[in-house]
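Remarks on the structure that follows.
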2 protein chains.
Amino acid sequence: MASLKELARIVGVSPTTVSFALNGRSKEMRISEELTSRILKVAEETGYRPNNIAVALRTGQTKIIGLIVEDIANHFFSTLAKTIEEEANLFDYKVVYCSTENDDEKGEGLLDMLQQQQVDGYLITPTSGMRNKIGKLINRKIPLVLIDRYFEDMECPHVMVNNFEGIVKGVNLLIKKGYKKISFITPDLDLMQMKEREKGFIAALEKQHLYKSKKQILKVDYKDGGKKEAIEKIKTYLKTESPEAVVFATNYIGIHGLQAIKELKLKIPDDLAVICFDDNEVFDLCTPSITAISQPIEDIARTAVKILMGELGVTRKSAKKLVRIPTEIINRESA
Amino acid sequence: MASLKELARIVGVSPTTVSFALNGRSKEMRISEELTSRILKVAEETGYRPNNIAVALRTGQTKIIGLIVEDIANHFFSTLAKTIEEEANLFDYKVVYCSTENDDEKGEGLLDMLQQQQVDGYLITPTSGMRNKIGKLINRKIPLVLIDRYFEDMECPHVMVNNFEGIVKGVNLLIKKGYKKISFITPDLDLMQMKEREKGFIAALEKQHLYKSKKQILKVDYKDGGKKEAIEKIKTYLKTESPEAVVFATNYIGIHGLQAIKELKLKIPDDLAVICFDDNEVFDLCTPSITAISQPIEDIARTAVKILMGELGVTRKSAKKLVRIPTEIINRESA
DNA sequence: CATGGAAGCTAATTCGTTTTAGCGATAGAT
DNA sequence: ATCTATCGCTAAAACGAATTAGCTTCCATG
């Protein structure tokens with residue numbers, strides 16, 4: 001409520017002087033120690049807080065970073081968001097976050113909105129349709145780091161998990177345990193990381209000559225319907241193909257898959273072994289518990305913030321700006 | 001990038017005129033239709049976006065509401081946040097959110113931060129230590145709605161689930177199924193809603209003369225340690241008291257409880273029936289699936305935003321400002 | 001042929017800060 | 001006695017929009 005001007009009036013000096021004193025520029029600006037401490041005292045007493053809006057307008061810095069995730073209600077993204085917030089706070093930055101719902105239009109809208117809010121930098125898990133707008137930001141040298149996905153042939157800092165290697169590790173585990181007829185169930189999304197996971201699956205199988213047919217891959221199109229339809233599709237697939245083991249490409253398709261398996265009354269891992277990309281608290285609780293290829297979320301978050309702080313000039317620029325975080329296999333009972 | 005001033009220069013008129021045209025005040029301010037459409041066209045072409053910082057400084061309105069939750073990485077709160085964001089967007093409001101981690105100091109800090117950001121209103125799941133600061137906001141007539149908890153004898157709009165009634169419904173279900181030795185496991189938190197749930201438990205049992213001893217209630221203090229310690233405490237309790245059925249007071253203590261039950265190799269519901277307050281995607285997947293007392297999160301979110309919009313003067317003021325949303329029993333296999 | 005009013009636009013102020021440029025007074029150098 | 005430096009502080013501009021209070025020009029009216 002109290003403004004700089006008012007503080008100045010109370011102390012009986014000019015706003016300029018108060019500003020210098022509060023910003024620790026007293027020595028530099030030759031404000032006497034006595035006056036400085038008087039100002040500080042009054043500021044303390046009146047509980048003065050600078051108006052960030054005014055500061056932002058004047059300095060051109062909001063000290064805010066915009067975080068765009070796919071869906072904040074999803075465990076992966078909310079944990080990501082939380083860690084990013086904590087990490088950014090260490091550098092005195094605030095975070096505003098929003099969800100694209102994987103909708104191109106919504107994503108572009110959010111980008112516009114954040115620009116209007118004059119955020120200083122961006123952390124984004126982009127949808128494919130955001131390519132253009134992101135390209136423009138990059139041309140304008142706006143600090144920006146992509147998370148969890150990236151665009152080919154667009155030079156832009158990004159940090160994501162090593163999807164290819166992660167799936168390969170998972171498949172190799174299944175092969176080692178003796179499973180031969182292995183399937184891959186993935187959402188049908190046009191995203192880099194999905195392609196990488198699929199490539200990892202095929203590569204790992206081909207190395208052991210176990211990739212026989214395209215039917216070993218099921219792509220579930222969520223545009224056709226929601227959860228229920230997905231579960232039905234998976235049930236149908238499992239019945240007709242009856243694989244010995246299955247790798248789910250994401251956390252949520254894994255959950256739908258488990259539901260399908262439960263409804264088919266298949267025994268894990270005897271009837272069907274299961275591995276899922278991306279861990280989930282649920283997996284630990286299931287009976288049997290589900291083996292997962294886990295993404296070190298905190299790692300991803302911290303790395304992304306670190307790079308962004310470099311771009312923002314808060315810390316010195318990171319050398320590595322295209323980071324792949326290795327996955328970790330969480331061995332449980334399902335495979 | 002392009003400012004109002006620049007637009008004005010391009011069109012060859014004054015910034016004032018441009019401002020009127022863009023804000024739809026042309027008729028009122030007698031800007032000719034021809035000029036108005038020329039301005040609009042140039043604005044379109046140059047992709048002009050007003051600088052929200054400047055607008056906020058001038059108008060005193062940021063069109064931002066501050067949302068303070070306990071932990072954004074938690075399913076309940078992240079779903080809440082998501083719905084609130086969607087709902088607020090309908091009214092052209094943005095949302096910035098942050099987590100208290102149930103830490104009084106952090107909560108107060110967040111309140112300060114949001115004040116400095118000049119948010120127009122607040123949605124808060126408060127920690128007990130935030131009482132004072134929230135009281136001050138209320139005295140200053142700042143639009144504010146509490147969610148999920150409230151302070152006794154402080155008149156402040158709030159919306160929460162009907163905790164008492166929810167637990168009563170749950171306990172009654174257990175009693176109807178014939179369980180007699182029923183326990184209540186709750187985090188040891190000094191929060192209204194925990195007290196209400198405990199009261200509900202005791203009241204429901206006493207009505208059937210089934211409340212025999214304080215030992216039927218276990219309070220787990222999370223200050224003593226994390227998840228692991230909690231699980232150990234629950235295991236110890238279940239071994240020594242061996243209840244027939246247990247009601248978990250929250251989502252996350254339920255998950256820890258299930259872990260404990262799994263480690264003890266107890267069969268649900270034969271050895272031990274389970275009901276949990278607050279639903280979770282996990283519960284549907286567990287074998288057996290877990291019966292829950294579900295909080296209609298979207299309802300809570302929508303109601304809270306509605307009341308806040310009333311306080312902000314965006315819509316007309318709500319009549320009911322102290323709302324209890326009824327719970328819903330999700331019948332599954334664990335009880 | 002004043003006079004009034006409307007039509008169509010704009011100059012200048014404001015919001016709360018930060019920052020640049022500079023002012024008066026005293027002290028030291030020449 | 002004059003010039004320069006330093007000290008301690010401040011006036012004023014700026015950030016980008018919104019808004020208040022006009023300022024012209026033109027036409028109609030008596």
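Labels below follow one simple rule: chain letters A, B, ... track the order of the sequence lines, proteins then strands, and each chain is numbered from 1. Since this is a predicted model, take the numbers as computed values, not measurements.
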- Between B:Tyr97 and A:Tyr97, how do the two ring planes meet: parallel, tilted or perpendicular, split at 30° and 60°? tilted
- Pull out every residue in residues 49-60 of chain B that has a heavy atom closer than 4.0 Å to any atom of DNA chain C, ordered by number, or say none. B:Leu57, B:Arg58
- Between the side chains of A:Thr62 and A:Asp120, is a donor N or O closer than 3.5 angstrom to an acceptor N or O? yes
- Message: Between the side chains of B:Glu311 and B:Lys321, is the shortest nitrogen-to-carboxylate-oxygen separation below 4.0 Å, so that they form an ion pair?
- Response: yes
- Message: Are A:Leu308 and A:Tyr93 packed together at the side-chain level, in the sense that at least one heavy-atom pair is separated by less than 4.5 angstrom?
- Response: no
- Message: Suppose we screen for side-chain contact (heavy atoms from CB on, under 4.5 Å). Which residues come up paired with B:Asn132, at least two apart in sequence or across chains?
- Response: none
- Among residues two or more places apart or on two chains, list those pairs meeting salt bridge (Lys or Arg N to Asp or Glu O under 4.0 Å) that have a residue in residues 8-21 of chain A. none
- Message: Applying salt bridge (Lys or Arg N to Asp or Glu O under 4.0 Å) as the test, list every pair that has at least one member in residues 122-138 of chain A; sequence neighbours left out.
- Response: A:Asp112-A:Lys133, A:Arg131-A:Asp153
- Touch class at under 4.0 angstrom, heavy-atom based, for B:Leu4 against every strand present: sugar-phosphate
- Partner set under side-chain contact (heavy atoms from CB on, under 4.5 Å) for A:Ser32, not counting sequence neighbours: A:Glu34, A:Leu35
- Message: With each end axis built from five pairs of C1' atoms, what bend angle do you get for the helix from C:dC1-D:dG30 to C:dT30-D:dA1? Round to 10°.
- Response: 80°
- Query: Among A:Arg25, A:Glu28, A:Lys27, which residue meets the side-chain contact (heavy atoms from CB on, under 4.5 Å) test with A:Phe20?
  - Reply: A:Arg25
Close N/O contacts between protein and nucleotides 4-6 of chain D (under 3.5 Å):
none

- Which pairs pass side-chain hydrogen bond (donor to acceptor under 3.5 Å, both in side chains) with one or both residues in residues 41-61 of chain B, sequence neighbours excluded? none
- Item | Check ion pair A:Glu86-B:Lys106 (N to O, under 4.0 angstrom) | no
- Message: Within the 4.5 Å heavy-atom criterion, are A:Lys82 and A:Thr79 side-chain neighbours or not?
- Response: no
- State which residues pass side-chain contact (heavy atoms from CB on, under 4.5 Å) with A:Thr36; sequence neighbours excluded, sorted by chain then number. A:Ala21, A:Ser26, A:Ile31, A:Leu40
- Message: Any residue in residues 32-48 of chain B with a heavy atom nearer than 4.0 angstrom to DNA chain D? Just list them by number, or reply none.
- Response: B:Tyr48
- Task: Taking side chain to side chain donor-acceptor pair (under 3.5 Å) as the test, write out the residues that go with B:Tyr122, two or more places apart.
- Result: none
- Expected list for residues 9-29 of chain A near DNA chain C, using heavy atoms below 4.0 Å, is A:Thr16, A:Ser19, A:Phe20, A:Asn23, A:Arg25
